[in-house]
Chemist: 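If you scroll down you'll find the structure; I have some questions about it.
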2 protein chains.
Amino acid sequence: MAKLSPETLRERSDHILDAAGRCFARAGFHRTTMQDICREAEVSPGALYIYFNSKEALIAGICERDRAEFASRFAAMPLGGDFMEALADLGRHFLEEPLDRRLLCIEVGIEATRNPKVGEIQKSVDDFIRTSFRELFTKLKDEGRIAPVFDIETVLDAFLTIADGLLWRRAVDENFKADVVLPPLLHAVAALLRPITDGAKS
Amino acid sequence: MAKLSPETLRERSDHILDAAGRCFARAGFHRTTMQDICREAEVSPGALYIYFNSKEALIAGICERDRAEFASRFAAMPLGGDFMEALADLGRHFLEEPLDRRLLCIEVGIEATRNPKVGEIQKSVDDFIRTSFRELFTKLKDEGRIAPVFDIETVLDAFLTIADGLLWRRAVDENFKADVVLPPLLHAVAALLRPITDGAKS
DNA sequence: GCACTAAAAACGAACGATCGTTCTTTTTCA
DNA sequence: TGAAAAAGAACGATCGTTCGTTTTTAGTGC
């Protein structure tokens, strides 16, 4: 008796995760202390350790949640109609995220190269994104709506590299302006995909 | 009397910096301990602190040296003749760096967002690179060798974002293959610059 | 060229601070 | 009221750094 309801448990765990996310984004994984997170979440160490039994678990938790959110947001993107316009929308949406999340994204990416557990989580997002775009590009090619000069896998590599450039720059460059870079980058991507408009070459 | 010659001092300081660089690349700035660096350099803490009086100084030293090396290497690049070929060379050269340096590059970039001293160093590299390419693109445009659709500054932003994508991916993606991504990315960059070949539009 | 010397360089045990984590106590709630 | 949840002082480990000691080194007189 006196066990908190699953919803309450989930609520408090999320609350701590939120606080941890802010701390990690602010100072990086290895410079934020457990005390920092406790202070940010207004929770005692004892309470924190009920929900996460190590700092590692907290990092993994952040990564996992970040992954899930990104995947679901990405999956909800409508890539059916005018796909170049949809890509632009995706880009804009992607670049409107708060600074917290931007830095966290980078932080996770680096941690993934050194922490196997985080590495696995990160890999699953990467695979998800790659697969999603591969399917899209393949479909578009099969339907004759694009005529890429390079094969799909190569175009995919280049496309994802450009996307990573945005990922990096939006986090690191304080003067970053989405509406400036997005048009030329979409132009560059169009050169890779070579979309067919009205059956005539562009 | 019995003071070491400036060359010897420089030698040993470089030796420590080398070791620190390897450690930092391996585990990141904030997870490598001074003991790690001492072990790697085969030097006692006391000796290390003669050459660098804090961990901060060591980080700044690494950044500074990295910056200088990159700048000089970049400045030595021949961008005179066929500039698309020169860009390809630059890219290949850039992507052949050892993994150590790749991860260090990313590490420095993040540290720059949180450590003012590193931030200044990083900014000076960024400015140098941006200025170099701005001058190149402006010259090419004035000479009628390129006909970009967007203005120079916008093209520059997009170009540097793509370059950052390479910077990130070559460090983080273990399956990264330079010879696969480089051709399509150069194709994309060409779409931005629109080089003029033999006076005819491509 | 060789002992001698004084200062610089290097050593490495040890310091205080702070880290992640635990544990005893107190509070909260079904 | 009894067990779960939260609190927060305290733990051992480890961090960056220091400091008393030893070793090395370049200059000196012979």
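Quick note on labels: first sequence line is chain A, next is B, and so on, each numbered from 1. Nothing here was measured: the structure is a model prediction, and the numbers come from that model.
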Chemist: Report the distance from atom CG of A:D36 to atom P of C:dG20, rounded to the nearest whole Å.
Modeler: 8 Å
Chemist: Can you measure A:L48 atom CG to C:dC23 atom P for me and round it to whole angstrom units?
Modeler: 17 Å
Chemist: Could you check whether A:S5 gets within reach of a base, just the sugar-phosphate, or nothing at all, counting any heavy atom under 4.0 Å?
Modeler: nothing
Chemist: Ignoring the backbone of B:K3, work out which of C:dA9, D:dT17, D:dA7 is nearest its side chain.
Modeler: C:dA9
Chemist: Is it true that B:T161 and B:D164 share a donor-acceptor pair across their side chains at a distance under 3.5 Å?
Modeler: no
Chemist: Please determine whether a side-chain nitrogen of the Lys or Arg among A:D127 and A:R130 lies less than 4.0 Å from a carboxylate oxygen of the Asp or Glu.
Modeler: no
Chemist: Find the distance B:L9:CG to C:dA10:C1' and express it as a whole number of Å.
Modeler: 13 Å
Chemist: Return the 5'-most residue of the pair B:M34, B:T8 with respect to DNA chain D, ranking by each residue's nearest nucleotide.
Modeler: B:M34
Chemist: Measure from the side-chain heavy atoms of B:L4 and tell me the nearest of C:dA9, C:dG12, C:dG20.
Modeler: C:dA9
Chemist: Of the candidate nucleotides D:dT17, D:dA6, C:dA10, which contains the atom at the shortest distance from the side chain of B:A47?
Modeler: C:dA10
Chemist: Let me know the distance between NE2 of A:H30 and C1' of C:dG20, rounded to the nearest Å.
Modeler: 13 Å
Chemist: Within this structure, what is the CG-to-C1' distance between B:N53 and D:dC19, rounded to whole angstrom?
Modeler: 16 Å
Chemist: NA contact type, B:Y51, heavy-atom cut-off 4.0 Å: base, sugar-phosphate, or nothing?
Modeler: sugar-phosphate
Chemist: Between D:dT17, D:dA10, C:dC11, spot the one nearest the side chain of A:Q35, thanks.
Modeler: D:dA10
Chemist: Can you tell me how far P of C:dC15 sits from OH of B:Y49, to the nearest Å?
Modeler: 17 Å
Chemist: Evaluate whether atom NZ of B:K55 has more than 12 neighbouring non-hydrogen atoms of other residues, nucleotides or ligands under 6.0 angstrom away.
Modeler: yes
Chemist: Using atom types as modelled and distance alone, determine if a side-chain donor or acceptor of B:R102 lies under 3.5 Å from a backbone N or O of B:E97.
Modeler: yes
Chemist: Do the side chain of B:R114 and the main chain of A:R26 share a donor and acceptor less than 3.5 angstrom apart?
Modeler: yes
Chemist: Quick one: which of C:dA14, C:dG20, D:dA9 gets closest to the side chain of A:T33?
Modeler: C:dG20
Chemist: Using atom CZ of B:R39 as one end and atom C1' of D:dC15 as the other, report the distance to the nearest whole Å.
Modeler: 13 Å
Chemist: So which one's nearest nucleotide on DNA chain D is more toward 5', B:R12 or B:R31?
Modeler: B:R31
Chemist: For the side chain of A:K55, starting at C-beta, report the closest nucleotide among C:dA14, D:dA6, C:dT21.
Modeler: C:dT21
Chemist: Which whole-number value in Å describes the distance from A:F29 CZ to C:dG20 P?
Modeler: 14 Å
